[in-house]
Engineer: 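Got a structure for you, written out below as structure tokens; questions coming shortly.
Just so you know, residue 1 is the first one in the sequence shown, and it goes up from there. In listed order, ligands and their atoms are each counted from 1.
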Amino acid sequence: MSDILFPRITLIGFGLIGSSLARVIRRDGLSGHIAVCARSQGTLDAAVRLELADSVTHSPEEAVKDADLVVICAPLGANKTIAKAMAPGLKKGCIVSDVGSVKQMVIDHVAPHLPDGVHLVPAHPVAGTEHSGPDAGFAELFDGHWCILTPKEDCDKAAVDRMAELWRRAGMTIEIMDARHHDQVLAITSHLPHMIAYTIVDTATGLESHLQQEVIKFSAGGFRDFTRIAASDPVMWRDVFLTNRDAVLEMLGRFLEDLSVLQRAIRVGDGKALEALFTRTRAIRRSIIDAGQETAAPDFGRAQTHEDKETGKTQGDLVKGAKG
Ligand code: NAP
């Protein structure tokens, strides 16, 4: 029996996520033809060198010709331009999807350009690393993580089922959610933590040089884990904050209020309040471990050579998949 889910798939944007998806499609024989579209010749050459593309082009319109599925895997800020450029080439019945970390904006920027008879099924595979580009991809990236689909209510159900099946084959568990709800959830679980990491690392780089050297030397005290997050792709994260502005600002407002409470507790020496807060947060960590989203290994952030006995994953695997 054939494993082909979509006879022809087009990937527009071919970095970490696009090339990882291509590796899954190749590994499992999920398509007869992968067409790749990117801006730079270097990326198209890499797609051919890695044997992940059957055809390559700079033109989105040419890339989507005869495609049964088109997945936009470019930074969020490029979506509108890509949607406009590819629209004339889309065939009736084609599914258009994406992998962006913000979802309402995809509906706002892509849907208006799609011709009748084309189904939009936005998707967010919640898995990533701090590395970018076609050589950074690997087929196991998505394994054991969530993929959130955010179709509009009137979206064709068969199209949603087909997208869900593709991500299931990549090893993901599917959740279907309203796009705005997705953006709020990710604002607190992913976007705010990135904002905090970027800020802490930037604060450290602004210190006098003698202090900066000590920060690097003693980074294992906690700082090091923030630097991994703060090493994430600058263009991707610029677009995340610009396209999920309202939800991020809402969560930032709440965070700043809570930070003020903590600041006051320290200033007035309220040890009880501090202990109560730290006890509550410890319980959250426990529930994340219980939900299988992390191991209890004490050296969080470090790659290990041994397999974690409970999950069969290395600590490095868990950390690799924890972003985006
Ligand atoms: P990436 O490694 O930087 O790759 C981006 C790709 O998009 C590159 O191939 C680039 O082409 C291409 N591109 C940029 N602008 C384009 C345009 N106008 N037309 C066609 N191609 C264009 O990025 P990524 O990490 O794979 O992220 C892609 C998407 O995945 C983003 O929307 C992000 O929100 C989402 N996501 C990322 C993560 C993560 O952790 N990285 C996790 C989940 C979801 P060139 O190389 O030719 O410039």
Side-chain angles (χ1 to χ4, degrees), residues 10-24 34-50 52-53 56-64 70-87 89 97-106 109-110 113 122-138 141-143 145-150 167 170 172 179 182-183 185-187 189-191 193-194 197 228-244 248 319-324:
T10 298
L11 302 173
I12 302 187
F14 201 72
L16 172 72
I17 303 294
S19 76
S20 295
L21 180 57
R23 284 170 168 93
V24 172
I34 303 177
V36 169
C37 171
R39 288 176 311 181
S40 70
Q41 191 57 42
T43 298
L44 296 185
D45 290 346
V48 172
R49 168 173 49 80
L50 295 163
L52 294 172
V56 293
T57 173
H58 293 294
S59 157
E61 182 180 349
E62 190 186 320
V64 303
V70 175
V71 188
I72 304 174
C73 305
L76 290 155
N79 278 9
K80 201 190 266 186
T81 313
I82 290 170
K84 260 192 213 167
M86 74 181 183
S97 188
D98 77 310
V99 295
S101 310
V102 178
K103 299 275 46 107
Q104 183 57 43
M105 163 270 163
V106 174
H109 285 187
V110 176
H113 302 287
H124 178 197
V126 189
T129 75
E130 63 274 34
H131 303 295
S132 313
D135 289 302
F138 54 102
L141 173 66
F142 309 110
D143 224 9
H145 294 281
W146 290 99
C147 183
I148 303 174
L149 304 183
T150 63
W167 286 112
M172 306 200 88
H182 164 280
D183 292 351
V185 172
L186 270 290
T189 56
S190 172
H191 307 168
H194 276 78
R228 182 184 61 79
I229 296 180
S232 301
D233 190 79
V235 172
M236 170 184 158
W237 282 94
R238 175 200 68 193
D239 288 357
V240 166
F241 290 120
L242 293 180
T243 55
N244 199 22
V248 166
V319 171
K320 263 187 284 180
K323 302 194 69 240

Engineer: Pick from N79, V99, V106: which one makes a side-chain contact (heavy atoms from CB on, under 4.5 Å) with I72?
Structural biologist: N79

Engineer: Is A127 touching ligand 1 with its side chain, its backbone, both, or neither, if touching means heavy atoms under 4.0 Å apart?
Structural biologist: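 The answer is the backbone.
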
Engineer: Give the atoms of ligand 1, by number and element, whose distance to some non-hydrogen atom of T43 is under 4.0 Å.
Structural biologist: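 Going through ligand 1 atom by atom, the ones under 4.0 Å from T43 are 9 (O), 45 (P), 46 (O), 47 (O).
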
Engineer: Quick one: closest heavy-atom pair of I17 and F142, and the distance?
Structural biologist: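 Minimum heavy-atom separation between I17 and F142: O-CZ, 3.9 Å.
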
Engineer: State whether the shortest distance between N or O atoms of G133 and N or O atoms of ligand 1 falls below 3.5 angstrom.
Structural biologist: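 In this structure, G133 places an N or O atom under 3.5 Å from an N or O of ligand 1.
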
Engineer: Checking contacts here: is it the side chain or the backbone of H124 that comes within 4.0 Å of ligand 1, counting heavy atoms only? Could be both or neither.
Structural biologist: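 The part of H124 near ligand 1 is the side chain, not the backbone.
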
Engineer: Can you measure from CZ (R238) to OG1 (T243) and round to the nearest 0.5 angstrom?
Structural biologist: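 Spacing of CZ (R238) from OG1 (T243) equals 10.0 Å.
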
Engineer: Quick one: does ligand 1 sit under 4.0 Å from the side chain of C73, the backbone, both or neither, non-hydrogen atoms only?
Structural biologist: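 For C73, the contact with ligand 1 is made by the backbone alone.
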
Engineer: Taking only heavy atoms of P125 into account, list the atoms of ligand 1 that are under 4.0 Å away from them.
Structural biologist: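 What qualifies from ligand 1 is 43 (C).
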
Engineer: Could you pull out, from H145, R39, Q41, the option with a heavy atom nearest to atom 16 (C) of ligand 1?
Structural biologist: R39

Engineer: Which of the numbered atoms in ligand 1 are below 4.0 angstrom from a heavy atom of L76?
Structural biologist: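 In order of numbering, the contacting atoms are 32 (O).
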
Engineer: Quick check on contacts: which atoms of ligand 1 are under 4.0 angstrom from a heavy atom of V99?
Structural biologist: 29 (C), 30 (O), 35 (C), 36 (N), 44 (C)

Engineer: Do you know the tightest heavy-atom contact between S20 and F138?
Structural biologist: OG-N, 3.0 Å

Engineer: Between T10 and A63 (side chain of the first, backbone of the second, donor and acceptor by atom type, cut-off under 3.5 Å), is there such a pair?
Structural biologist: yes

Engineer: Would you mind listing which atoms of ligand 1 come within a distance below 4.0 Å of any non-hydrogen atom of T129?
Structural biologist: 40 (O), 41 (N)

Engineer: With heavy atoms of F14 as the reference, note each atom of ligand 1 found under 4.0 Å away.
Structural biologist: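 Once the distances to F14 are compared, the set is 6 (C), 8 (C), 9 (O).
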
Engineer: Which bit of I17 gets closer than 4.0 Å to ligand 1, counting heavy atoms only: side chain, backbone, both or neither?
Structural biologist: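 It is both parts that get close, each with some atom under 4.0 Å.
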
Engineer: Can V235 be said to touch ligand 1, with heavy atoms closer than 4.0 Å?
Structural biologist: no

Engineer: Could you tell me whether L16 and ligand 1 have an N or O pair separated by under 3.5 Å?
Structural biologist: yes

Engineer: Is D135 close to R49 at the side-chain level, that is, under 4.5 Å between some pair of heavy atoms?
Structural biologist: yes

Engineer: Evaluate the side-chain proximity of L16 to L141: yes if any heavy-atom separation is below 4.5 Å, no if none is.
Structural biologist: yes

Engineer: Given K80, M236, H131, H58, identify the one with the heavy atom nearest to atom 38 (C) of ligand 1.
Structural biologist: M236

Engineer: Compare all side-chain heavy atoms of M105 with those of D239 and state whether any distance is below 4.5 angstrom.
Structural biologist: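 No, every pair of side-chain atoms sits at 4.5 Å or beyond.
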
Engineer: Would you mind reporting whether L52 and V36 have side-chain heavy atoms less than 4.5 Å apart?
Structural biologist: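 Of all side-chain heavy-atom pairs linking L52 with V36, none is under 4.5 Å.
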
Engineer: State, yes or no, whether a side-chain contact exists between V110 and D98 at a heavy-atom distance under 4.5 Å.
Structural biologist: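 No, their side chains stay 4.5 Å or more apart.
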
Engineer: Look at ligand 1 and say whether T81 reaches it with a heavy atom at a distance under 4.0 Å.
Structural biologist: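 False for this residue.
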
Engineer: Relative to ligand 1, is A136 under 4.0 angstrom through side chain, backbone, both or neither, heavy atoms considered?
Structural biologist: neither

Engineer: Given side chains that start at C-beta, do those of M86 and I12 come closer than 4.5 Å, heavy atoms only?
Structural biologist: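 When only atoms from C-beta onward are counted, I12 and M86 do touch, with a gap below 4.5 Å.
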
Engineer: Out of all atoms in ligand 1, which are within 4.0 Å of some heavy atom of S132? Include the element for each.
Structural biologist: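 So the atoms of ligand 1 that pass are 2 (O), 3 (O).
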
Engineer: Please state which option from A74, C37, A123 has its nearest heavy atom closest to atom 7 (O) of ligand 1.
Structural biologist: A74

Engineer: Fit a plane to each ring of H124 and H182, take the angle between them on a 0 to 90° scale, and name the class: parallel (under 30°), tilted (30 to 60°) or perpendicular (over 60°).
Structural biologist: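 Aromatic pair H124/H182 classed perpendicular.
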
Engineer: Does ligand 1 have a heavy atom under 4.0 Å from the side chain of I82, from its backbone, from both, or from neither?
Structural biologist: side chain

